[in-house]
Amino acid sequence: MIIEDNIETFNSLLKRRGFIWGPSPEIYGGLAGFYSYGPAGMALKNNILTLFRRELRAFGFGEVECPTIMPEIVWKASGHLERFIDPVLKCEKCDTLVRADKFLQESFPDLMIDGMSYEKMQDLIHNNELKCQKCDTPFGKIEEYNLMLKTEVGAGNIAYLRPETATTTYLLFNRLDQDTRKQYPVKVFQYGKAYRNEISPRQQVLRMRAFDQFELQLFIGKDQEMDFEDYEAIKKVKMPLLDWRLQEQHVDTPKMISSEEALNKKILKKPAYAYCLHLAFYLTKILGYPDEIIRFRQHSPNERAHYADDAWDLEIKTTQFGWVEICGVHDRTDYDLKRHGEFSNQNFEISMGNDPKKKEIPQILEIAFGPDRIIYTLLECAFTVEEAGKENRIVLKLIPELAPNTLAIFPLKKNNAQLTALAKNIYKSMIEARIISFYDEKGAIGKLYRRQDELGTPFCITVDHQSLEDNTVTLRDRDSMQQIRLNVSELSKHVKTKII
RNA sequence: GCGUUCGUAGUGUAGUGGUAGCAUGUCGGCCUUCCAAGCCGGUGACCCGGGUUCGAUCCCCGGCGGACGCACCA
């Protein structure tokens with residue numbers, strides 16, 4: 001069979017093998033920006049989450065979970081209500097939609113549009129008779145496009161679905177401060193859904209309207225940011241950094257430099273922030289991405305979010321969509337707690353060092369992963385079509401820990417009751433050893449192997465006639481297709497050493 | 001959101017104003033001592049709504065969805 005090594009083959013694999021389905025609900029034609037994960041996709045996602053949770057526990061992070069719906073005041077305080085509502089101009093004739101502020105900035109490069117009130121923008125448009133670029137119809141009124149999904153709770157209380165998990169984590173600060181016994185930095189993360197009403201979602205799960213976030217937060221003192229204990233151990237580690245000044249010179253390949261060097265050259269400002277970049281890099285690397293397709297890209301000052309003092313995106317190079325952000329590292333300063341302190345009348349000014357009189361609002365450093373984007377990019381870079389004998393085969397070269405199945409067990413032939421019985425017994429014992437295993441006998445042995453290759457199963461066991469005599473089986477490696485003979489008693493130990 | 005274009009079994013496709021063919025998958029059976037073998041049998045589709053028509057999967061209108069371009073992407 002000829003299998004083409006192209007993106008269409010990959011996209012159909014996602015559907016055929018149960019990784020990603022959608023837009024959901026498919027039987028009703030779908031709603032743009034919403035996707036479902038099938039069993040394989042969900043298994044992969046859970047394996048990623050398990051790996052992350054295990055690592056973060058080791059790094060001293062606690063996990064929290066907050067409601068996905070929060071009252072209006074939260075989003076007033078966070079700034080999202082103001083900044084997530086875009087002023088737009090809709091042409092009455094051709095329905096073209098443009099961002100009012102961006103459109104004005106282009107029309108009047110010398111004026112400071114950012115921060116201008118809608119009324120002033122409106123006047124500017126009216127007085128200068130600005131027109132739609134497509135059909136030359138004069139623009140009318142500025143309308144609001146809200147990127148947050150609005151809802152009502154109880155009898156008419158306005159609330160919004162969270163556009164990020166981070167803000168909901170910050171609302172727990174005083175609880176966390178007590179809970180962690182004021183040991184700074186307070187390290188915490190939250191995994192969960194966030195919602196954004198994208199104008200036109202595209203690129204599959206990369207820009208969904210309901211998506212996952214996995215966000216780490218450090219609540220940290222100003223002094224500690226500059227003198228950060230854990231920084232020492234990682235300061236020599238090189239990372240692929242592409243700062244915004246390089247980008248201005250149209251450079252798009254990162255430089256491998258260490259945190260120490262980046263701080264010396266003023267590319268980075270704070271050791272604690274450098275540590276966050278390192279942590280993001282570490283968590284990305286353990287998922288098995290090859291080095292060449294990872295880079296950190298710094299936001300230029302006008303690209304940054306409203307809360308950020310510094311921001312770097314960790315990006316993965318994809319075939320289908322170019323560089324894709326899977327993680328953003330943000331220096332949110334004291335912006336969030338300052339605002340929530342003001343709006344809630346809480347006092348978040350606390351002593352974070354040895355001097356009880358010196359009080360400050362904690363700084364926040366954030367590492368925000370998008371698990372959906374991890375899943376997509378990981379699958380794309382694991383996807384391989386390679387020669388196998390006369391034909392070729394599709395292999396998902398996921399690291400063993402992440403594969404939906406760790407082990408598959410087959411009888412060499414299914415019309416031999418002894419072979420199938422032994423294979424089923426081995427399957428049972430593997431399940432009992434809690435190795436994620438899969439039994440299959442439907443098809444010739446070659447087909448059984450290929451099915452598992454498409455799912456990324458790292459190991460396949462085949463029970464043959466020799467097995468009936470000496471209790472050994474063949475263990476086949478996914479990538480090399482090489483087989484070794486092992487005694488059944490050694491199986492679980494052997495497999496477990498490979499998946500750690 | 002606008003423009004162009006497309007929408008047929010699970011997947012990939014052919015085709016038609018008289019309800020559809022191929023490949024592959026999948027299921028059952030036979031066969032098979034290691035990499036998508038073979039044989040037999042089964043399964044399964046025209047995105048949704050309206051219109052024109054005796055009759056629409058095909059033509060027209062609207063919607064939904066995908067791709068590409070523009071805009072948007074804190």
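Proteins come first, then strands; the chains are lettered A, B, ... in the order of their sequence lines, and each starts at number 1. Computed over heavy atoms, backbone and side chain alike; hydrogens, waters and symmetry mates excluded.
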Using the [atom1] atoms only, state how far [M] lies from [N], rounded to an integer number of Å.
{"N": "B/rU53", "M": "B/rG12", "atom1": "P", "answer": "37 Å"}
{"N": "B/rC47", "M": "B/rG41", "atom1": "C1'", "answer": "32 Å"}
{"N": "B/rC54", "M": "B/rG49", "atom1": "P", "answer": "22 Å"}
{"N": "B/rG29", "M": "B/rA20", "atom1": "P", "answer": "31 Å"}
{"N": "B/rG17", "M": "B/rG51", "atom1": "C1'", "answer": "15 Å"}
{"N": "B/rU5", "M": "B/rA74", "atom1": "C1'", "answer": "32 Å"}
{"N": "B/rG7", "M": "B/rA71", "atom1": "P", "answer": "28 Å"}
{"N": "B/rG15", "M": "B/rG28", "atom1": "P", "answer": "34 Å"}

Determine, for [X] against [Y], whether the closest basic-nitrogen to carboxylate-oxygen distance falls under 4.0 angstrom.
{"X": "A/Arg17", "Y": "A/Asp453", "value": "no"}
{"X": "A/Arg485", "Y": "A/Asp464", "value": "yes"}
{"X": "A/Asp331", "Y": "A/Lys270", "value": "yes"}
{"X": "A/Glu386", "Y": "A/Lys397", "value": "yes"}

Could you give the [atom1]-to-[atom2] distance, from [X] to [N], as a whole number of Å?
{"X": "A/Met481", "N": "B/rC35", "atom1": "CE", "atom2": "P", "answer": "8 Å"}
{"X": "A/Arg162", "N": "B/rA74", "atom1": "CZ", "atom2": "P", "answer": "19 Å"}
{"X": "A/Glu8", "N": "B/rG10", "atom1": "CD", "atom2": "P", "answer": "20 Å"}
{"X": "A/Tyr160", "N": "B/rA74", "atom1": "OH", "atom2": "P", "answer": "19 Å"}
{"X": "A/Glu26", "N": "B/rC47", "atom1": "CD", "atom2": "C1'", "answer": "11 Å"}
{"X": "A/Lys447", "N": "B/rA37", "atom1": "NZ", "atom2": "C1'", "answer": "10 Å"}
{"X": "A/Asp336", "N": "B/rA74", "atom1": "CG", "atom2": "C1'", "answer": "13 Å"}
{"X": "A/Arg17", "N": "B/rG25", "atom1": "CZ", "atom2": "C1'", "answer": "8 Å"}

N/O contacts under 3.5 Å, protein versus nucleotides 28-34 of chain B?
{"residue": "B/rU32", "atom": "O4", "partner": "A/Lys414", "partner atom": "N", "Å": "3.4"}
{"residue": "B/rU32", "atom": "O4", "partner": "A/Asn415", "partner atom": "OD1", "Å": "3.4"}
{"residue": "B/rU33", "atom": "OP2", "partner": "A/Lys413", "partner atom": "NZ", "Å": "3.0"}
{"residue": "B/rC34", "atom": "O2", "partner": "A/Tyr449", "partner atom": "OH", "Å": "2.6"}
{"residue": "B/rC34", "atom": "O2", "partner": "A/Gln483", "partner atom": "OE1", "Å": "3.4"}
{"residue": "B/rC34", "atom": "O2", "partner": "A/Gln483", "partner atom": "NE2", "Å": "3.0"}
{"residue": "B/rC34", "atom": "N3", "partner": "A/Tyr449", "partner atom": "OH", "Å": "3.4"}
{"residue": "B/rC34", "atom": "N3", "partner": "A/Thr474", "partner atom": "OG1", "Å": "3.1"}
{"residue": "B/rC34", "atom": "N3", "partner": "A/Gln483", "partner atom": "OE1", "Å": "3.1"}
{"residue": "B/rC34", "atom": "N4", "partner": "A/Asp464", "partner atom": "OD2", "Å": "3.1"}
{"residue": "B/rC34", "atom": "N4", "partner": "A/Thr474", "partner atom": "OG1", "Å": "2.8"}

Classify the side chain of A/Glu82 versus the base of B/rA74 as yes if they form a donor-acceptor pair under 3.5 Å and no if they do not.
no

Base-pair string, RNA chain B, Watson-Crick plus G-U, cut-off 3.5 Å on both distances, | for inter-strand, is (((((((..((((....[..))))((((((.......))))))...(((((..]....))))))))))))....

For nucleotides 63-68 of chain B, just jot down a letter per nucleotide in 5' to 3' order: B, S or -, based on protein non-hydrogen atoms under 4.0 Å.
-SSS-B

List the steps and the verdict of salt bridge (Lys or Arg N to Asp or Glu O under 4.0 Å) for A/Arg297 and A/Asp252.
CA-CA 9 Å; A/Arg297 191 182 64 81; A/Asp252 66 351; over 6 Å; no

Give me the ring orientation class for A/Tyr439 and A/Tyr427: parallel if the planes are under 30° apart, tilted from 30 to 60°, perpendicular past 60°.
tilted

Identify whether NZ of Lys or CZ of Arg in A/Arg295 sits under 6.0 Å from the centre of the six-membered ring of A/Trp323 and within 45° of that ring's axis.
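A/Arg295 over A/Trp323 ring: yes.
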
NZ or CZ of A/Arg478 within 45° of A/Phe459 ring axis and under 6.0 Å
no

Side chain of A/Arg207, heavy atoms from C-beta onward: which of B/rU26, B/rC72, B/rU11 has the nearest atom to it?
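The nucleotide sitting nearest to the side chain is B/rC72.
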
Would you confirm whether A/Asp313, through its side chain, and A/Glu315, through its main-chain N or O, come within 3.5 Å as a donor-acceptor pair?
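Answer holds: no.
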
A/Ser24 side chain to A/Gly22 main-chain N or O, any donor-acceptor pair under 3.5 Å?
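Answer holds: no.
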
Side chains of A/Lys338 and A/Phe348 in contact at under 4.5 Å (non-hydrogen atoms):
no

Could you go step by step and tell me if A/Arg332 and A/Glu164 meet the salt bridge (Lys or Arg N to Asp or Glu O under 4.0 Å) rule?
CA-CA 14 Å; A/Arg332 298 179 71 135; A/Glu164 62 164 13; 3.1 Å; yes

Presence of A/Arg451 side-chain N/O under 4.0 Å of B/rU26 phosphate oxygens OP1/OP2
yes

Closest-nucleotide ordering on RNA chain B, the 5'-leading residue of A/Asn11 and A/Asp477
A/Asn11

Under 6.0 Å between the ring centres of A/Phe173 and A/Phe219?
yes

So A/Glu325, base contact, sugar-phosphate only, or nothing? Heavy-atom distance under 4.0 Å.
nothing

